[in-house]
There are 2 protein chains.
Amino acid sequence: MDTLFLSKTDLFRGIPPEDIQSMLGCLKAATKTYQRGDFICREGETVTAMGMVLSGSVSIENDDIWGNRSILDRVGAGQVFAENYACLPGERLMISAVVNEPTEVLFLSTDCMFTVCSHACVFHNKLIRNMLTIAARKSLNLSRRIMHTSSKSIRGRLLSYLSFQATQHGCRAFDIPFNRQQLADYLSVDRSAMSNELSKMQRDGIVKVERNHFVLLESDGL
Amino acid sequence: MDTLFLSKTDLFRGIPPEDIQSMLGCLKAATKTYQRGDFICREGETVTAMGMVLSGSVSIENDDIWGNRSILDRVGAGQVFAENYACLPGERLMISAVVNEPTEVLFLSTDCMFTVCSHACVFHNKLIRNMLTIAARKSLNLSRRIMHTSSKSIRGRLLSYLSFQATQHGCRAFDIPFNRQQLADYLSVDRSAMSNELSKMQRDGIVKVERNHFVLLESDGL
DNA sequence: GCCTCCTTGTTGTTATAACAACATACTTGT
DNA sequence: ACAAGTATGTTGTTATAACAACAAGGAGGC
């Protein structure tokens, strides 16, 4: 197990590689390899362990009863998924985890995370703190998405998202991490309608757009 | 401090009242009383403690730059708020906490939650586990709301919400905890448009509605 | 260079949600 | 029982988003 890699992840941050090695036993660590299209877990199942992507990437998706698929998250190397379900034994998954490319996943049981363990207890606390930090940040990301999609108009959603990005970057000019389709999915709007609205906003002098680069102009209350 | 009350909350569940008493010092517990309309904390600020409502209730709301207010959560007695921010020191609040009625709030610092404390360490672990459980459940609630609002039509959102409620109750007939306006806010749609759509769905034989009581009829893929 | 694939912008049409305004229940307090 | 206030359903109009179809760029491979 590449404990040096693990020591750089959000979950094991601040724990020396040699201590991680001894913790992995505690956490019943097990790795498994998947191919593109494989399901790691499916909606309706229950899980007892969280997953960490070691290499490759995983999509967290929700399929409604009519088969419409929506991507809720994309988890890359070093990031964890299903941690909320692992913390709530017996809770049925609302989502499925699907592999985008050849991917190696490390499963970590949360059972032992909460009990005092015999090895490396100093770092046990660090692990739990990291876990809470990850959970808190993910929660904030979800809240943020809800806020950005609470406006009923496309323009309102775009301005909510863009003005947040501007404050994040501390600058009216910034790049966003989405292409048009991804941004439309994030804001739950139609891509072409969003493109259209962006053009109108440009004509109205609210914003300047060039692919991923945005500049918010004055008089937008920012 | 009413430690008996605290021992029944999600946060202190499983910890005897006498041990809670000694933990409160650890957590730098402090109470404060508020009147209707008071702000406990405001968007843009940073916090170092989480809040627990002892009596009364608090609304978690977000005001966009045009002054449109949206209620994200309502926190009642025994529940906590701002816990994600308390776990992420320095993170600026995206939301404000506003008091709905005369309310008493207990503030708990998270600083000491992660360090080994001298008193009642057996229950310290229990506290942290409870904290993670609360965080996980809140996260799942947020994910669920995102899923229920991801459909572009009002009917799709209603069916997503209602079919989830049906599976939750294990029965096609169930009551929902919202009135029409609250449900419309939750689904981010206009109330009257939603009422209208509910009527249409009733005419289409998909659902039977009577105030808070819903019955999902057959042939909806459930 | 050329071809193909993918992304983005544009337009017109259609469906549908928002909005406003009102009527009809229900609640609650007196 | 009555009045006042709130919640819900209904309707018609208007704004707007979804959708489909296409054109115009890039980007990458050969």
Side-chain angles (χ1 to χ4, degrees), chain A residues 36 59 64 66-71 74 100-101 145 148-162 174-215, chain B residues 36 57 59 64 66-71 74 100-101 148-162 174-215:
Chain A
R36 176 177 168 79
S59 284
D64 67 24
W66 303 278
N68 302 313
R69 172 165 305 180
S70 90
I71 309 291
R74 201 187 169 90
N100 299 314
E101 54 197 298
R145 178 162 174 186
H148 291 151
T149 53
S150 67
S151 168
K152 304 229 172 74
S153 68
I154 293 181
R155 180 173 293 207
R157 295 184 188 193
L158 281 168
L159 284 172
S160 172
Y161 174 75
L162 294 174
F174 52 87
D175 288 0
I176 66 167
F178 291 136
N179 66 25
R180 290 289 180 274
Q181 185 59 61
Q182 290 168 331
L183 180 57
D185 287 344
Y186 180 79
L187 298 178
S188 293
V189 297
D190 178 75
R191 179 199 61 77
S192 74
M194 188 188 75
S195 258
N196 196 310
E197 191 62 42
L198 275 173
S199 301
K200 283 188 202 160
M201 286 164 70
Q202 218 162 172
R203 250 170 275 147
D204 292 350
I206 296 175
V207 71
K208 252 199 72 51
V209 188
E210 197 190 330
R211 280 189 105 73
N212 285 1
H213 190 73
F214 287 74
V215 184
Chain B
R36 176 177 167 79
S57 73
S59 285
D64 68 23
W66 303 277
N68 303 313
R69 171 165 306 179
S70 88
I71 310 292
R74 198 186 171 91
N100 299 313
E101 54 197 299
H148 291 150
T149 52
S150 67
S151 168
K152 305 227 171 76
S153 69
I154 293 182
R155 179 172 293 208
R157 293 185 190 194
L158 281 168
L159 284 172
S160 172
Y161 175 75
L162 294 175
F174 52 87
D175 288 0
I176 66 167
F178 291 135
N179 66 25
R180 290 288 180 277
Q181 185 59 62
Q182 291 168 331
L183 180 56
D185 287 345
Y186 180 79
L187 297 178
S188 292
V189 296
D190 178 73
R191 180 199 60 77
S192 74
M194 187 187 75
S195 258
N196 195 310
E197 191 63 42
L198 276 173
S199 301
K200 281 189 204 157
M201 287 164 71
Q202 218 163 171
R203 250 171 277 148
D204 292 350
I206 296 174
V207 70
K208 251 198 74 49
V209 188
E210 196 191 330
R211 280 190 104 73
N212 286 0
H213 189 72
F214 287 74
V215 183

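All chains are named by letter (A, B, ...) in the order of the sequence lines, taking the proteins before the strands, and each is independently numbered beginning at 1.
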What is the distance, to the nearest angstrom, from the [atom1] atom on [X] to the [atom2] atom on [N]?
| X | N | atom1 | atom2 | answer |
| --- | --- | --- | --- | --- |
| B:Leu158 | D:dT8 | CG | P | 14 Å |
| A:Asn212 | C:dG9 | CG | P | 10 Å |
| B:Gln181 | D:dT8 | CD | P | 9 Å |
| B:Asn196 | C:dA20 | CG | P | 16 Å |
| A:Glu210 | C:dT7 | CD | P | 18 Å |
| A:Gln202 | C:dT10 | CD | C1' | 14 Å |
| A:Leu183 | C:dG9 | CG | P | 11 Å |

Fill in: Nucleotide of C:dC26, C:dT8, D:dT10 approaching A:Arg180 most closely (side-chain heavy atoms)
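For the A:Arg180 side chain, the nearest candidate turns out to be C:dT8.
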Practice prompt. Rounded to 10°, tell me the angle between the two end axes of the helix from C:dG1-D:dC30 to C:dT30-D:dA1, each built from five pairs.
Written response: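 Helix axis angle between the two ends: 60°.
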Fill in: Student check: side-chain heavy atoms of B:Tyr186 and B:His148 closer than 4.5 Å
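Yes - at least one pair of side-chain heavy atoms lies under 4.5 Å apart.
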Discussion item. Between B:Leu158 and B:Leu187, is there a side-chain heavy-atom distance shorter than 4.5 Å?
Written reply: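 A side-chain contact under 4.5 Å exists here.
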Discussion item. Please classify the nucleic acid contact of A:Ser199 as base, sugar-phosphate, or nothing, using heavy-atom distances under 4.0 Å.
Written reply: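 Contact class for A:Ser199: sugar-phosphate only.
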Worksheet entry | N-O pairing of A:Arg155 and A:Glu197 below 4.0 Å |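 A salt bridge is present here (some side-chain N lies under 4.0 Å from a carboxylate O).
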Write down the protein N/O and nucleotide N/O pairs, taken from nucleotides 13-19 of chain C, whose separation is under 3.5 Å; answer none if there are no such pairs.
unit_1	atom_1	unit_2	atom_2	d
C:dA17	OP1	B:Ile154	N	3.3
C:dA18	OP2	B:Asp190	N	3.0

